[in-house]
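Worksheet for the structure shown next.
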Number of protein chains: 2
Amino acid sequence: MATGKSVIRERRRHRGDNRVTIEDVAKQAGVAPITVSRALNTPEKVSAKLRERIDHAVEALGYVPNLIAGGLASAGTRVIPVIVPSLSILTFIEVVHGIQQTLEAAGYQVLLGSTDFDLDREAALVDSVLGYSPSGVIMTGLLHRDSTVRRLKAWGRPVVELMELGDSCLDMNVGVENDEAGACMARHLLERGYRRIAFLGTGMQRDYRARQRYEGHRQALEAAGVKGDLLFHNEEPSSYAAGRRVFLEALEACPDLEAMHFANDNLAAGAILEANRRGMRVPEDIAIGGYLGLPLGEHLTPQLTTVAVPRFEMGVEAAKLLLVRLEGRSPPSPRVDIGYELIVREST
Amino acid sequence: MATGKSVIRERRRHRGDNRVTIEDVAKQAGVAPITVSRALNTPEKVSAKLRERIDHAVEALGYVPNLIAGGLASAGTRVIPVIVPSLSILTFIEVVHGIQQTLEAAGYQVLLGSTDFDLDREAALVDSVLGYSPSGVIMTGLLHRDSTVRRLKAWGRPVVELMELGDSCLDMNVGVENDEAGACMARHLLERGYRRIAFLGTGMQRDYRARQRYEGHRQALEAAGVKGDLLFHNEEPSSYAAGRRVFLEALEACPDLEAMHFANDNLAAGAILEANRRGMRVPEDIAIGGYLGLPLGEHLTPQLTTVAVPRFEMGVEAAKLLLVRLEGRSPPSPRVDIGYELIVREST
DNA sequence: CTGTTAGCGCGTTCAT
DNA sequence: ATGAACGCGCTAACAG
């Protein structure tokens, strides 16, 4: 006869959904659902014999765990939101790539969010993604709305802040010292004998990391007794075209310039390409330095001198830090300086 | 006295988790939890008065819905997995960018997965992400393991397959006709009067879309009575450096070549940069054509002739198609040809 | 090592 | 327009 039990089974799924559940597997293997759960999540806690029976049943039925249900029960999905300012800027993408590759290998999934450099959008995004009960969060930068900081602190799970390094962070921090990187290129240009040196950037209003590099640049020049506040910038987004434009603007405004320190390699590459077009000699007529270490730099003529930052590795490192914490251990240091490297090539 | 009820409330959360729940809000507003749920999800079904009280309570308590619980109850989170072959290839990133921007604006979140061009990894990823009860899925390409196809079909929710167009797709399809795009460039080179024309690519073993373009190229040449199977390729990933290398290999193997049709702009740009370095004249000594329409192309000297594909728009279109289906409507056509455009510049 | 019980926080369903 | 009851599928906690 149809018992009450079977009635329940009939109306089990809300809608046309008919996925195999852990209960189906348990029945097939002749065990309790929890044993299936254990066989899948902590195999060492289940006898070899049962494990095998269960693996069979899983295979036979094509069971795929419902991670949503698991997440609700255990208050933690294997999802890591990664919040970046923009997906149109190569830097962030390479970082995301490093993160994604590392986390996916460890069985976590990346939930992508972008703020368009807007801290209010960041705040809203954080609220929203915390609703997914993520295992941890990776954020860009150290600068957030108070509400964001409060939420994340109250939340209490691992958080990594990425890109720049600072005195205080929410939880963990990996990045580079932007002012030092800026000073590094400035000192290199000084050593080469250049004295009329300008810093050129775009979108520096929103990109405070570029401003930090400029600050390092300025201080390095002034420490050497050289005028350091020669700055050219506009607010368009970084691109080759933007690089060509600031390059020309600076040349026009300041024809006796000897060297240009660009806020990033995209701009610097644009400048070299423009110089190529006009038959200008680099570095004889004008020296050019960049920041990032984009692959394009070494293929230009002249090859671009740059301060390279390991962007992919920065992502990997952030993910590793998070994974350590997710495994319940605590990392040797919650702060990782990923470093930078001056690569001297032909353009200076 | 402590009633049974309050005991339950004490031990409510499994672990240190202390998030505000819908019940807290309901209590504060003096309504039932379900009313809060409605006020948030279908405000038009709740009286203005209650809605206001509830909004207040939400604000005051800082309530953020637990999307996991919602997902479990309603069998559908607002998550869209996007599965791409690689995050180190700019093309896919721009597509993801378009998708992400469109979906995020509509209140959906992108779950990122990458397969490294491996169909078995793709199959595993699909299994895994379906566990998140996503609202829909966006996949790359039309070629999948049988098991992947079966799962997705049985699953029954919206699926978009992206990049190339084909006769049959799982559900919806947006992309470009690769063979036509390849033929387009080939015909352009023929029109320019070139006869000794080679196709050069890298990683074509895994990248069957590049093979499709080569096929279109070959047929166009042979239709014109020109030898079409001049092919140079190797299996390294695409990069400027790889472009420089195939360029040199082809020149050496075939010094009387008149034109080169590259599988993508990265390779073509590498070739132009190498030609710059060697003082070779393009297109006089050798003509160069690309595919994609990367920004770099127009800044090179000579500017690169290319077949441009609107990659960002392709992502936007895919997301829109999905959104239409998610709103319960059905799109005018489940197949969108995103098109391509021949951009003739200086290099041919 | 295995099972029982009791929710996780919501939305569906059905009643009012 | 609002509410009560129930279960989505899984795992934590506690027994045995």
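Keep in mind that the numbers below use all heavy atoms, side chains included, and drop hydrogens, waters and symmetry copies. Letters A, B, ... mirror the listed sequences (proteins, then strands); counts begin at 1.
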Pair B:Glu161, B:His144 - check side chain to side chain donor-acceptor pair (under 3.5 Å), show working. CA-CA 10 Å; B:Glu161 286 166 285; B:His144 317 288; 2.7 Å; yes

Is any side-chain heavy atom of B:Pro134 closer than 4.5 Å to a side-chain heavy atom of B:Tyr108? no

Taking the side chain of A:Ala32 as its heavy atoms from C-beta onward, which of C:dT4, D:dG7, C:dT2 lies nearest to it? C:dT4

Is the phosphate of C:dG3 approached by A:Thr35 (side-chain N or O, under 4.0 Å from OP1 or OP2)? yes

If only side-chain N and O atoms of B:Ser47 are considered, is one of them under 4.0 Å from the OP1 or OP2 phosphate oxygen of D:dT2? yes

Taking OP1 and OP2 of D:dC8, is either one under 4.0 Å from a side-chain nitrogen or oxygen of A:Asn66? no

Report the nucleotide, chosen from D:dC10, C:dC10, D:dT2, that has the shortest atom-to-atom distance to any side-chain atom of A:Ala69. D:dC10

OP1 or OP2 of D:dC10 less than 4.0 angstrom from a side-chain nitrogen or oxygen of A:Tyr63, does that happen here? yes

5′-ward residue of the pair A:Ile34/B:Ser37 relative to DNA chain C: A:Ile34

Minimum-distance nucleotide (side-chain atoms of B:Val46 versus D:dT2, C:dT4, C:dC10): D:dT2

B:Asn41, nearest nucleotide to its side chain (from C:dG11, C:dG7, C:dG9): C:dG11

Short side-chain N/O contact to D:dC8 OP1/OP2 from A:Thr21, under 4.0 Å: no

4.5 Å side-chain heavy-atom contact, A:Val31 and A:Arg53: yes

